[in-house]
Amino acid sequence: MPSEDCVFCRIAQGELPATVVHEDDRAMAFEDLNPQAPEHILVIPRRHTTSVASLEEEDRELAGHLVLVAARVARERGLDSSGYRVVANVGEEGGQTVPHLHLHVLGGRSMTWPPG
Ligand code: AMP
Ligand code: ZN
């Protein structure tokens with residue numbers, strides 16, 4: 001998918017506004033536009049890849065980095081002691097609506113299991 005057609009590529013390139021809470025050379029984290037919990041942050045790679053399912057062996061370091069960014073953002077937002085959820089939806093039945101890999105960090109309320 002060309003980056004101009006991808007909403008998260010456009011956020012990563014600064015072409016669309018977002019409330020950014022973390023930025024580095026490989027990743028970004030910003031507030032979800034339609035939060036499903038008091039704290040709802042999305043962590044994305046700057047480089048376009050579709051989902052967890054499109055990750056390759058060479059993305060091992062990037063995948064680990066995204067998880068560490070999720071944990072760091074959760075810690076910075078005071079979610080460590082109460083707990084939180086990190087979710088990656090994959091594909092249609094996984095409930096993915098934006099085809100650019102992202103981790104949801106959800107917190108500030110009790111989560112239910114199983115998810116819907
Ligand atoms: P998913 O359904 O797992 O693909 O998650 C996509 C998420 O992106 C949803 O929670 C949306 O609310 C969120 N979202 C879509 N567009 C934007 C945007 N421009 N800025 C922030 N969050 C967005
Ligand atoms: Zn993209």
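Just follow the structure's listing: the first ligand is 1, and inside any ligand the first atom is 1. We're numbering straight along the sequence, starting at 1.
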Closest non-hydrogen protein atom to atom 5 (O) of ligand 1, residue and atom name please, with distance? His102 NE2, 2.9 Å
Do me a favour and list the nearest non-hydrogen protein atom to atom 15 (C) of ligand 1 with residue, atom name and distance? Val98 CG2, 4.1 Å
Residue pair His65 / Asp24, side-chain donor-acceptor N/O under 3.5 Å: yes
Of all heavy-atom pairs linking Ala29 and Val73, the shortest is CB-CG2, 3.9 Å
Under the side-chain contact (heavy atoms from CB on, under 4.5 Å) rule, what do Arg72 and Leu68 come out as? Steps first, then yes or no, please. CA-CA 6 Å; Arg72 173 180 166 162; Leu68 288 174; over 6 Å; no
Min over Leu103, Thr19, Leu33 of heavy-atom distance to atom 22 (N) of ligand 1 lands on Leu33
Proximity flag Val87 to ligand 1, non-hydrogen atoms under 4.0 Å: no
Close-contact set for ligand 1 against Glu31 heavy atoms, below 4.0 Å: 21 (C)
How far is atom 16 (N) of ligand 1 from its nearest protein heavy atom, and which residue and atom is that? Phe8 CE2, 4.1 Å
One residue to check: Leu42. Relative to ligand 1, which of side chain, backbone, both or neither has a non-hydrogen atom less than 4.0 Å away? side chain
Counting only heavy atoms from other residues, nucleotides and ligands, does the tally under 6.0 Å from CZ of Arg10 exceed 12? yes
Students should be able to answer this: which protein heavy-atom is nearest to atom 2 (O) of ligand 1, and at what distance? Thr97 OG1, 2.8 Å
Nearest-neighbour protein heavy atom for atom 9 (C) of ligand 1, which is reported as residue plus atom name and distance: Asp32 OD2, 3.3 Å
Minimum-distance N/O/S atom that His100 presents toward the Zn ion (ligand 2): ND1
Group every Ile, Leu, Val, Met, Phe, Trp and Tyr by side-chain heavy-atom contacts under 4.5 Å, then state whether Phe30 and Val87 land in the same group. no
Applying a heavy-atom cut-off of 4.0 Å, say which part of Leu16 lies close to ligand 1: side chain, backbone, both or neither. neither
Under the side-chain contact (heavy atoms from CB on, under 4.5 Å) criterion, do Val105 and Tyr84 qualify, and how do the steps go? CA-CA 7 Å; Val105 179; Tyr84 55 93; 4.1 Å; yes
So, Arg75 side chain and Asp80 main chain: donor-acceptor pair closer than 3.5 Å or not? no
SG (Cys6) to the Zn ion (ligand 2) to ND1 (His48), nearest 10°, is 110°
Is the backbone of Pro45 close enough, under 3.5 Å, to the side chain of His100 for a donor and an acceptor to pair up by distance? yes
Against ligand 1, does Gly95 come closer than 4.0 Å with any heavy atom? yes
Name the orientation class of the two ring planes belonging to His104 and His40 (parallel below 30°, tilted from 30 to 60°, perpendicular beyond 60°). tilted
Determine yes or no for a side-chain-to-main-chain donor-acceptor pair under 3.5 angstrom, with Glu56 supplying the side chain and Glu58 the backbone. no
Any idea which atoms of ligand 1 are less than 4.0 Å away from a heavy-atom of Asn34? 12 (O)
How does Asn89 reach ligand 1, if at all, at less than 4.0 Å between non-hydrogen atoms: by side chain, backbone, both, or neither? side chain
